[in-house]
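What you see is a predicted model, and the numbers here were worked out from it, not measured in a lab.
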Amino acid sequence: MREIEIFLTAAEELHFSRTAERLGISPARVSQTIKKQERRIGAPLFDRTTRAVRLSPLGEQLYQALRGGYRQITQGIATAQATADGTAGTLTLGTLGPYSLQIKNVLDLFLARHPNARLQHREIQPASPLDLLKSGELDVAYLWLPIREPELTVRPTSHTSKVLLMVSADHPYAERDAICLEDLGDCAVVEGQSIPAYMEEVFNPWHTPSGRPVRRGPKVTTWQEALSVVSSGQATAGVTAEVADFYSWPSLAFVPIQDAPLCRWAFVWRTSSETPLIRAFAKAATDTQRPAG
């Protein structure tokens, strides 16, 4: 509290010698205390020249916060630290529909560690999974692998999903317990809009294991369009097991593809736009995967 008193007095006097005289301490004590506070927060609180002392923008922010009661004081210090180290502000996160539930532990840890950060959620369309990220509308995206874009940083997670074939309720496969990848040669699958071929291959292969081509059905641009095309019987679509849990429509059926590789997930961001807030989010994602103890 004495250090806070020194800062508040210096903010009012804007003169370290007058601050020292007013508090009955030495000017050196004032200077040392201010420097200690700046090291703790991580940025200058005062702009000093040989002729004047002024509050920095961060110092002004802290001064306004500290003029209240104890709760405002502690919150003001935390906010100043977060502003200085770049972990205050809004992080825009993109996910595909309900897949944000897969990473709830990451979101909870990130927000608990950085109470001055705010998460803004955007929905990614499976037919164009990289568009929002590359256009700068997202800071981080949660997507399936592989991702082979040189300008993107990819941080894999430990989460995996089984791959199913989503078909209409009256499709010949709807009553089967399982199918294999070779069976896709007798199907038409939905076609994406601007999805890399290697990402589309995870759910809707271009060829069966024996080399038969897998026909493309209608092109879709949104997830809702994909659901409508499949439920009407115009095409099928590879999906993850989570989709079956959230879209149990009477007009849809979900059939396991027994030899399909597991789908793996990752956090992705533009390498050139990495910020302290993104690094803090990535650390939370990494730490949730570490075994306890």
Side-chain angles (χ1 to χ4, degrees), residues 42 78-164 195-196 198-203 223 238-246 260-293:
T79 300
Q81 289 175 321
T83 301
D85 67 18
T87 57
T90 300
L91 182 87
T92 305
L93 174 69
T95 58
L96 297 98
Y99 289 94
S100 59
L101 296 177
Q102 290 181 353
I103 54 172
K104 185 178 184 301
N105 59 340
V106 176
L107 308 187
D108 289 347
L109 180 59
F110 171 69
L111 292 175
R113 285 179 173 176
H114 306 284
N116 293 291
R118 176 175 171 267
L119 276 174
Q120 178 175 312
H121 294 268
R122 292 284 305 274
E123 183 176 4
I124 295 173
Q125 296 298 335
S128 50
L130 300 179
D131 286 8
L132 292 179
L133 188 62
K134 289 187 172 183
S135 68
E137 295 175 68
L138 298 179
D139 296 312
V140 179
Y142 183 58
L143 294 167
W144 72 92
L145 295 174
I147 295 175
R148 303 170 187 148
E149 308 296 314
E151 72 273 28
L152 299 180
T153 295
V154 180
R155 182 70 57 85
T157 72
S158 58
H159 192 87
T160 59
S161 303
K162 292 182 179 179
V163 177
L164 316 177
I195 176 173
Y198 64 83
M199 290 186 75
E200 186 168 359
E201 179 82 15
V202 174
F203 297 116
W223 173 239
V239 297
T240 64
E242 290 84 357
V243 172
D245 295 331
F246 287 97
L262 290 174
C263 173
R264 299 179 299 120
W265 295 85
F267 291 107
V268 189
W269 59 89
R270 298 181 311 283
T271 305
S272 62
S273 300
E274 183 174 301
T275 64
L277 199 57
I278 291 175
R279 287 193 289 271
F281 184 87
K283 189 174 189 312
T286 299
D287 289 348
T288 56
Q289 299 182 69
R290 290 174 179 164

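- Residue T95 comes nearest to S100 through the heavy atom pair OG1-CB, 3.8 Å, listed as atom of the first residue, atom of the second, then distance.
- Between P98 and E242, every side-chain heavy-atom pair lies at or beyond the 4.5 Å cut-off.
- Shown here are the side chain to side chain donor-acceptor pair (under 3.5 Å) partners of N105, two or more places apart in sequence or in another chain: there are none.
- The list of ring pair (Phe, Tyr, Trp, His ring centres under 6.0 Å) pairs with a residue in residues 122-156, not counting sequence neighbours, reads Y142-W265, Y142-F267, W144-F203.
- L93 is listed as a side-chain neighbour of I103, based on a closest heavy-atom distance under 4.5 Å.
- One finds the CG atom of L119 at 10.0 Å from the CG atom of D139 (value rounded to the nearest 0.5 Å).
- Take D131 and apply the salt bridge (charged side-chain N to carboxylate O under 4.0 Å, His left out) test, not counting sequence neighbours, and it matches no residue.
- Residues M199 and I147 meet the side-chain proximity criterion, which asks for heavy atoms closer than 4.5 Å.
- Nearest heavy-atom pair, A117 versus L277, reported as atom, atom and distance to 0.1 Å: CB-CD1, 3.9 Å.
- Distance OG1/T288 to NZ/K283: 10.5 Å, rounded to 0.5 Å.
- Y99 and T240 share a side-chain donor-acceptor pair at under 3.5 Å.
- Annotation: the span from L152 atom CG to R270 atom CZ amounts to 8.5 Å, rounded to 0.5 Å.
- Taking 4.5 Å as the limit, some side-chain heavy atom of I124 sits within range of a side-chain heavy atom of L138.
- Summarising the geometry of P146 relative to V202, their closest heavy-atom pair is CD-CG2, 3.7 Å, with the distance given to 0.1 Å.
- The CG atom of L145 sits 12.5 Å away from atom CG of L262, with the distance rounded to the nearest 0.5 Å.
- Just one residue in the list L143, V243, L96, I195 forms a side chain to side chain contact (heavy atoms under 4.5 Å, CB included) with P126, and that residue is L96.
- The nearest pair of heavy atoms linking A244 to L164 is CB-CD1, 3.9 Å.
- Between L91 and H114, the closest side-chain pair of non-hydrogen atoms is not below 4.5 Å.
- Looking at every heavy atom in both residues, A266 comes nearest to V154 through CB-CG1, 3.7 Å.
- For the atom pair OG1 of T271 and CD of E149, the computed distance is 11.0 Å after rounding to the nearest 0.5 Å.
- Taken from CZ in R279 to CZ in R155, the straight-line distance is 11.0 Å, to the nearest 0.5 Å.
- Looking at every heavy atom in both residues, Q289 comes nearest to S158 through OE1-N, 2.7 Å.
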